[in-house]
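For reference, the structure discussed in these notes is given below.
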Amino acid sequence: MDFEKIGRARLMIRLPRHRKQLSELRFLALSTLIEAYGLAVVTRNALSEHAMSDEPLKAEYADKCQAIEDKVVMLLTNISPRFVN
């Protein structure tokens with residue numbers, strides 16, 4: 001499973017103001033966050049599909065997704081213009 005591809009697509013939906021940057025930029029710090037987001041969102045969704053899942057664990061993954069989204073926004077907001085085409 002390509003977690004970076006999944007994460008990038010989901011972030012482009014969640015962060016429409018940064019869609020262009022997310023589609024064009026490729027550097028290690030951003031790719032690492034995007035991949036982590038992809039893994040977290042897949043896990044969160046899998047937990048949500050199971051009625052018997054641990055509620056605190058569901059909440060933990062929802063918090064992880066939000067924290068990664070916040071980090072991505074911070075990174076993209078503070079990025080040097082030389083990285084943007």
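Below, each value reflects all heavy atoms present in this structure, side chains not excepted, and no hydrogens, waters or symmetry copies. What you are looking at is a predicted structure, and each value in this text was computed from that prediction instead of being measured.
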Starting from the C-alpha separation in whole Å, work towards a yes-or-no answer on side chain to side chain contact (heavy atoms under 4.5 Å, CB included) for L15 and R19.
CA-CA 6 Å; L15 307 172; R19 191 171 289 148; over 6 Å; no

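- In this structure, R10 has no salt bridge (Lys or Arg N to Asp or Glu O under 4.0 Å) partners at least two apart in sequence or on a different chain.
- Scanning all heavy atoms of the two residues, the minimum distance from R26 to S23 falls at NH1-O, 3.2 Å.
- Annotation: the span from E69 atom CD to H18 atom NE2 amounts to 11.0 Å, rounded to 0.5 Å.
- Taking each heavy atom of P56 and D54 in turn, the nearest pair found is CD-OD1, 2.7 Å.
- Nearest heavy atom pair, residue S48 against residue K58, reads CA-CE, 4.1 Å.
- Between atom CG of residue L57 and atom CG of residue L47 there is a gap of 5.0 Å, rounded to the nearest 0.5 Å.
- Taking CD1 from I79 and CG from L25, the interatomic distance works out to 5.0 Å, rounded to the nearest 0.5 Å.
- Atom CD of Q21 is separated from atom OG1 of T77 by 7.5 Å, given to the nearest 0.5 angstrom.
- In this view, D70 and Q66 satisfy the side-chain hydrogen bond (donor to acceptor under 3.5 Å, both in side chains) rule, not counting sequence neighbours.
- With sequence neighbours left out, the salt bridge (Lys or Arg N to Asp or Glu O under 4.0 Å) criterion links R44 to no other residue.
- Taking hydrophobic clusters as Ile, Leu, Val, Met, Phe, Trp and Tyr residues chained together by side-chain heavy-atom distances below 4.5 Å, V72 shares a cluster with F27.
- Closest non-hydrogen pair, A40 versus I68, comes out as CB-CD1, 4.4 Å.
- The side-chain hydrogen bond (donor to acceptor under 3.5 Å, both in side chains) test applied to S31 returns E4, not counting sequence neighbours.
- The side-chain hydrogen bond (donor to acceptor under 3.5 Å, both in side chains) test applied to E35 returns no partner, not counting sequence neighbours.
- Judged as a side-chain contact (heavy atoms from CB on, under 4.5 Å), and not counting sequence neighbours, the contacts of L39 are F3, T43.
- The distance from atom CG of L76 to atom CG of L11, rounded to the nearest 0.5 Å, is 8.5 Å.
- The distance from the CG atom of L30 to the CG atom of L22 is 6.5 Å, given to the nearest 0.5 Å.
- The shortest side-chain heavy-atom distance between L75 and K71 does not fall under the 4.5 Å cut-off.
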